[in-house]
Amino acid sequence: MDTIKTDQQVRRTEIKSILESGEVGATVLVKGWVRAFRANRFIALNDGSTFNNLQIVVDFENFDEELLKSISFHSCISIKGQLLESQGKGQKYEILAEEIELLGGSNPDDYKLQPKKQTMEYLREQAHFRMRTNTFSAVFRIRHAVAFAINKYFHDRGYYYLHTPIITGSDAEGAGEMFRVTTLEPNGAPLNEAGEVDYQQDFFGKATNLTVSGQLQAEIGALALGKVYTFGPTFRAENSNTSRHLAEFWMIEPEVAFADIYDDMDLAEDFSKYLINFILENYPDDLAFLDKRIQDMEKQMKKEDRRPMGLLDTLRFVVENDFERITYTEAVNLVRNSKPYKKGRFKFELEWGMDLQSEHERWLVEKKFMKPVIVRDYPKDIKAFYMRMNEDDKTVAAMDVLFPGIGEVIGGSQREERLDVLKARMAQMDIHEDELDWYLDLRKFGGCPHAGFGLGFERMVLFITGMSNIRDVIAFPRTPGNAEF
RNA sequence: GGACGUGUAGCUCAGAGGCAGAGCAGUCGGCUGUUAACCGUCAGGUCGAGAUUUCAAAAUUCUCCAUGUCCGCCA
């Protein structure tokens, strides 16, 4: 038989559906990408619907030699045939091919890739290939599922999804360096009398930036709709070169009226556990693969660098145990009285009033408590202006949720609802009232206690997938010096 | 922004002054139950770039370029 057109009467079935509820003996049509063609007889086909491949059995005498030759690594084919119970060991079903059509070839002379382990760095440069690998297809299925679970969690609990602006005119949010948004030409922009760029002549009539946080706007939503959350892209122009920072990332920011810092911590813990549980229950194949992948990698590492638990065990452990809750003051004392601190094993000193260093946080999470830790009541001087002042007048009702391996995944606070206290804080921190008059209005007209937090979406996906670099849980990472694709 | 590391075949890497190497991928041939299939065959190189030391440099030294890890800033 030569190349045969597929019979349009038969509709395509997704591989996930065949593996879950296939009917032996039925004629099915499948389409997908070739992961392997072994022994001139067995094709491992993947169509992205599931982690698992479907085995296609080809009697090569029945097909044109040129057609079979064109079935190379990552070519795209359509197969019609009968679904059978597999005679081999590695899989339950297989399809005996009756008709094969080449949808998209992949010339091996030009296609410089192979079915083998690649470095994450190399794959970042090969966009089409990256997402077809076992690792990344698993990561991106899970990423989708986490996003879905976020919306489901909040919707089921009566929160409203609020879309806060991506372009903002406020430059007082204080969450980091911002990307400027302008239509003015870099050379030849109009100048004002002081010789500075005149943004009054810019598109919006003022200087504008990409958002670093939707929180201030979300507060307005919370004090009207009661419970809201944002989930959108966020931009930080920080020159941060680490495995847990992106210049463009997605952030979730719930904001709740009538909530205090304890409600906030309860929400953060319950929410985190829900997301992890959702993936454990719905994506066991992808998680099992990622778990095994990490185990294989760890075998080649020194014992002291290995993680104390595997991925699945870590996720279950987080879901099944309460997060540890301590104050900043307790955290400082624990670190200062720890063996490694006394023996000078830490690079940085720690005194009350200083920010906890990564190494201190990691000791608390990974050595002392062996689970996520929520630290609250930080010194006011190392936190943002909008956080609620505690009665000691030294600390604010802020909390950070620290996860093993990643550090801060959630940062939140109860917001300062007392107008006079907020104004005093802004004056101390040199933030001009006229830039945030709309934010102050919220305290003037029907203000109330409220709280919320920001969760770094990619950091949560990083934790759940067990990947080690945040660039490998987003399809097209933007980092300093890199905006490919 | 700071510190350190890495650039050798399409990919992953070895080579530590003396002929440019291996595995996988690719070519060609073989193989009707494979699971990163296997066996044989052939081909594949400006050793990141430019200088420098040397009889001799992929290797020493310097500059530049690219890239990674860690730290800082944060989510």
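Just so we're on the same page: letters track the sequence lines, and every chain starts at 1.
Contact check, A:Arg124 against B:G68: a side-chain N or O comes under 4.0 Å of OP1 or OP2. For B:C70, the OP1/OP2 oxygens have no side-chain nitrogen or oxygen of A:Arg362 closer than 4.0 Å. Under 4.0 angstrom from either OP1 or OP2 of B:A37 there lies at least one side-chain N or O belonging to A:Arg38. For the OP1/OP2 pair of B:A75 and a distance below 4.0 Å, the side-chain nitrogens and oxygens of A:Thr234 include no atom meeting the criterion. For B:G72, one of the phosphate oxygens OP1 or OP2 lies less than 4.0 angstrom from a side-chain nitrogen or oxygen of A:Gln357. Contact annotation: A:Lys92 side-chain N/O to B:U35 OP1/OP2 distance is not under 4.0 Å.
Within the 4.0 angstrom heavy-atom criterion, no nucleotide atom of any strand lies near A:Glu458. Using a 4.0 Å heavy-atom distance criterion, A:Gln87 is classed as a base contact. Counting non-hydrogen atoms under 4.0 angstrom, A:Ser86 reaches a base of the nucleic acid. Residue A:Lys347 is classed as having no contact, given no heavy-atom separation below 4.0 Å to the nucleic acid. Across all strands, A:Gly88 comes closer than 4.0 Å to base atoms (heavy-atom distances). Nucleic acid contact for A:Glu94: base, since at least one base atom lies under 4.0 Å from a heavy atom of the residue. No contact: A:Asn134 has no heavy atom under 4.0 Å from any strand. Note on A:Ile410: only backbone sugar-phosphate atoms sit closer than 4.0 angstrom, heavy atoms only; bases stay farther off. Nucleic acid contact class of A:Phe457 (heavy atoms, under 4.0 Å, all strands): none.
Remark: the separation of the P atoms in B:C19 and B:U6 is 24 Å, to the nearest Å. The gap from the C1' atom of B:G48 to that of B:A43 amounts to 25 Å, rounded to the nearest Å. The separation of B:C47 from B:U63, taken at their P atoms, amounts to 22 Å, rounded to a whole angstrom. The separation of B:A37 from B:C24, taken at their P atoms, amounts to 12 Å, rounded to a whole angstrom. Rounded to whole Å, the P atom of B:U61 lies 32 Å from the corresponding atom of B:G23. Comparing the same atom, P, in B:U8 and in B:C13 gives a spacing of 9 Å after rounding to whole Å. If you take atom C1' in B:A36 and the same atom in B:U69, they sit 28 Å apart, rounded to whole Å. Rounded to the nearest Å, the gap between the P atom of B:U60 and that of B:G5 is 13 Å.
Considering only the side chain of A:Ala39, B:A37 comes nearest among B:G33, B:A37, B:C71. Closest to the side chain of A:Ser358, from the set B:G68, B:C71, B:A75, is B:C71. When each of B:A75, B:U35, B:G68 is scored by its nearest atom to the side-chain atoms of A:Gln91, the top-ranked nucleotide is B:U35. Distances were taken from every side-chain heavy atom of A:Ser243 (C-beta onward) to each of B:G72, B:U35, B:C70; the shortest belongs to B:C70. Set against B:U12, B:C73, B:U32, the side chain of A:Asp355 has B:C73 as its closest nucleotide.
Atom-to-atom, CE of A:Met460 to P of B:C74 comes out at 20 Å; the value is rounded to the nearest Å. Separating the CG atom of A:Leu68 from the C1' atom of B:C31 is a distance of 15 Å, rounded to the nearest angstrom. For the pair A:Phe73 CZ and B:A37 C1', the computed distance is 15 Å after rounding to whole Å. Here B:A75 presents its P atom at 11 Å from CG of A:Leu455, a figure rounded to the nearest Å. Rounded to whole angstrom, the span from the CZ atom of A:Phe129 across to the P atom of B:G10 amounts to 16 Å. Nucleotide B:U67 holds its C1' atom 15 Å from the CD atom of A:Gln126, rounded to whole Å.
Between A:Phe231 and A:Trp250, the ring planes lie perpendicular to each other; the angle is over 60°, past the 30° to 60° tilted range. Classification of the A:Tyr161-A:His163 ring pair by plane angle, with boundaries at 30° and 60°, yields tilted. Taking the six-membered ring where tryptophan is involved, the planes of A:Phe148 and A:Phe278 are tilted, since the angle between them lies from 30° to 60°. Using a 30° and 60° split on the angle between ring planes, A:Tyr328 and A:Tyr378 fall in the tilted class, from 30° to 60°. Aromatic ring orientation, A:Phe289 versus A:Phe51: tilted (interplanar angle from 30° to 60°).
Within residues 461-473 of chain A, the residues having any heavy atom closer than 4.0 Å to RNA chain B are, in order of number, A:Asn469, A:Arg471.
On a pure distance criterion of 3.5 Å, a polar donor-acceptor pair joins the side chain of A:Arg236 and the base of B:A75. For B:C74, the base has a donor-acceptor partner in the side chain of A:Arg459 [N/O atoms by modelled type, under 3.5 angstrom].
A:Tyr341 contributes a side-chain N or O that, together with a main-chain N or O of A:Leu350, makes up a donor-acceptor pair within less than 3.5 Å. Proximity of a side-chain donor or acceptor of A:His155 to a complementary backbone N or O of A:Lys152 within less than 3.5 Å is not detected.
Residues passing the side-chain contact (heavy atoms from CB on, under 4.5 Å) test with A:Trp33 are A:Cys76, A:Arg132, sequence neighbours excluded.
Ranked by how close their nearest RNA chain B nucleotide is to the 5' end, A:Trp250 and A:Glu125 are led by A:Glu125. Residues A:Asn482 and A:Phe249 both approach RNA chain B. Their nearest nucleotides, taken by heavy-atom distance, put A:Asn482 toward the 5′ side.
With hydrogens and angles left out, the side-chain atoms of A:Gln91 and A:Ser86 include a donor and acceptor closer than 3.5 Å.
Contact of the A:Arg41 side chain with the A:Val58 side chain is not registered, since no non-hydrogen atoms from C-beta on lie closer than 4.5 Å. With a 4.5 Å cut-off on side-chain heavy atoms, A:Val24 and A:Tyr93 count as touching. Residues A:Phe348 and A:Ser358 are not in side-chain contact: their nearest non-hydrogen atoms beyond the backbone lie 4.5 Å or more apart. Side-chain atoms of A:Phe271 and A:Phe154, non-hydrogen and from C-beta on, do get closer than 4.5 Å to each other.
As the counterpart of B:C62, B:G50 is assigned, both hydrogen-bonding distances of the Watson-Crick or G-U wobble pattern falling under 3.5 Å.
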Once base and sugar-phosphate atoms are separated, protein heavy atoms under 4.0 Å mark nucleotides 1-6 of chain B, 5' to 3', with B, S and - as B-----

Checking A:Asp472 against A:Arg130 for the salt bridge (Lys or Arg N to Asp or Glu O under 4.0 Å) test, could you report, in this order, the C-alpha distance in whole Å, the side-chain angles of both residues, the deciding distance, and whether it holds? CA-CA 10 Å; A:Asp472 296 325; A:Arg130 186 164 90 130; 3.4 Å; yes

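Glycosidic conformation of B:U32: syn, with the torsion inside 90° of 0. Glycosidic torsion of B:A16 falls within 90° of 0, placing the base in syn.
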